[in-house]
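Working notes, structure below.
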Amino acid sequence: MLQNFIDAYSPDNLRYLLGGLWITILVSVVSIIGSFIIGSILGVIRYVKIKYVSAVVGFVIDVIRNLPLLLILFFTYFGLPNLGVKPEIIPAAILAMTIFESTMLAEIVRSGIQAVDSGQMEGARANGLTYWQGLWHIVLPQALVKMIPAIVSQFISLVKDTSLATIILLPEMLFRSQIIYGQNTNYIIPMFVAIALMYFIVCYLLSLLSRYLEKRQA
């Protein structure tokens, strides 16, 4: 058993796995940035209740939130080509995860804003700020503090969900580990141990970042 681990963790295999880790991080970071921006905008639109627009946005959010991420991955990679758009594997994975996570974050943002005492907006308006100025300068900063744990938790889920993109052949960690142990079945356990450790490190670092941000905001 020990020899299997030694052989499985050869320099070539480790370099190959680390290449998959880089792709996992790349897809995760781009999706996190995109989904945070889009999700924040959607969450604010749903909160302020713009006539017709908020209702449509809310309907779209509810539909996408209740779809499995796997289905969205299939659609972006296999469905979009039928509509004349043919994304590469990595952009397709980023697009699918950004769409899915944006709807999740939109609800977190909306709930976070609602959790801020209404007196904060009233105080902002009393001091001469417009509604949007009060929302941007007073309400949103306080809401963000309340949202940090939920947002980071959602980002951690996103990192782990990148493994689902193996279904469209995204060459991330799990996909590459399958190729390695496909050549030698004795490497199955060593590969699972390696990718579990990699996922743990990335997700644990995100949780540490969450604690740091919470303390700093406090």
Side-chain angles (χ1 to χ4, degrees), residues 24 27-87 89-118 120-121 131-132 134-136 138-168 170 172 199 203 206-207 209-210 213-214:
T24 295
V27 171
S28 298
V29 169
V30 176
S31 300
I32 284 172
I33 294 172
S35 62
F36 181 74
I37 294 172
I38 298 173
S40 297
I41 294 172
L42 294 178
V44 170
I45 290 174
R46 196 165 190 191
Y47 171 77
V48 298
K49 293 181 174 57
I50 301 173
K51 191 174 182 180
Y52 302 124
V53 176
S54 294
V56 172
V57 168
F59 175 75
V60 172
I61 289 174
D62 288 339
V63 169
I64 295 177
R65 286 179 67 238
N66 288 285
L67 295 177
L69 175 56
L70 201 58
L71 179 61
I72 299 175
L73 282 165
F74 268 116
F75 176 77
T76 55
Y77 190 65
F78 298 110
L80 287 181
N82 292 324
L83 300 176
V85 180
K86 191 174 182 181
I89 294 175
I90 292 179
I94 291 173
L95 177 61
M97 292 186 179
T98 299
I99 291 173
F100 184 76
E101 291 299 323
S102 293
T103 61
M104 298 297 183
L105 288 174
E107 286 302 290
I108 293 174
V109 170
R110 182 177 68 88
S111 299
I113 296 174
Q114 288 178 333
V116 177
D117 189 274
S118 59
Q120 297 295 317
M121 177 59 79
Y131 178 82
W132 290 102
L135 186 65
W136 178 257
I138 305 299
V139 177
L140 279 177
Q142 295 181 64
L144 181 61
V145 176
K146 299 177 182 294
M147 292 186 287
I148 287 175
I151 289 176
V152 174
S153 177
Q154 195 61 46
F155 287 162
I156 290 174
S157 295
L158 186 151
V159 172
K160 292 184 286 187
D161 285 345
T162 57
S163 61
L164 293 175
T166 56
I167 199 70
I168 62 171
L170 179 71
E172 46 78 66
Y199 274 120
C203 294
L206 278 174
S207 67
L209 175 62
S210 172
L213 291 175
E214 284 185 81

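What you see below is based on every heavy atom in this structure, not just the backbone, and it leaves out hydrogens, waters and symmetry mates. Keep in mind it's a predicted model, so treat the numbers as computed, not measured. Positions are given from 1 along the sequence.
In this structure, Val27 and Ala93 approach most closely via the heavy-atom pair CG1-CB, 4.4 Å. For the residue pair Val139 and Met121, the shortest heavy atom distance occurs at CG2-CE, 3.9 Å. Pairing each heavy atom of Glu172 with each of Tyr199, the nearest pair is OE1-OH, 3.2 Å. Residues Gly112 and Lys146 share a closest heavy-atom pair of O-CD, 4.3 Å. Contact detail for Cys203 and Val159: the closest heavy-atom pair is SG-CG1, 4.2 Å.
With contacts defined as side-chain heavy-atom distances shorter than 4.5 Å, the pair Val48/Ile113 does not qualify. Residues Val44 and Trp136 are not in side-chain contact: their nearest non-hydrogen atoms beyond the backbone lie 4.5 Å or more apart. At a threshold of 4.5 Å between non-hydrogen side-chain atoms, the residues Leu209 and Val152 do not count as touching. In this structure, the side chains of Leu95 and Pro87 stay at 4.5 Å or more apart for every pair of heavy atoms.
To the nearest 0.5 Å, atoms CG (Leu73) and CZ (Phe100) are separated by 9.5 Å. Asp161 CG to Ile156 CD1: the interatomic distance, rounded to the nearest 0.5 Å, is 12.0 Å. Atom-to-atom distance recorded for Glu101:CD and Phe155:CZ is 8.0 Å, nearest 0.5 angstrom. Here the CE-CD distance, from Met147 to Gln154, works out to 13.0 Å after rounding to the nearest 0.5 Å. Distance CZ/Phe74 to CG/Leu70: 5.0 Å, rounded to 0.5 Å. A distance of 11.0 Å separates CD1 in Ile33 from OG in Ser28, rounded to the nearest 0.5 Å.
For the pair Ser35 (side chain) and Ile32 (backbone), a donor-acceptor distance under 3.5 Å is present. The main-chain N or O of Leu158 is never found under 3.5 Å from a side-chain atom of Thr162 such that the two would form a donor-acceptor pair. Within the 3.5 Å criterion, the main-chain N or O of Thr103 finds no donor-acceptor partner in the side chain of Glu107. In terms of modelled atom types and a separation under 3.5 Å, the side chain of Ser111 and the main chain of Ile108 share no donor-acceptor contact. Under the 3.5 Å distance criterion, the side-chain polar atoms of Ser40 are matched with a main-chain donor or acceptor of Phe36.
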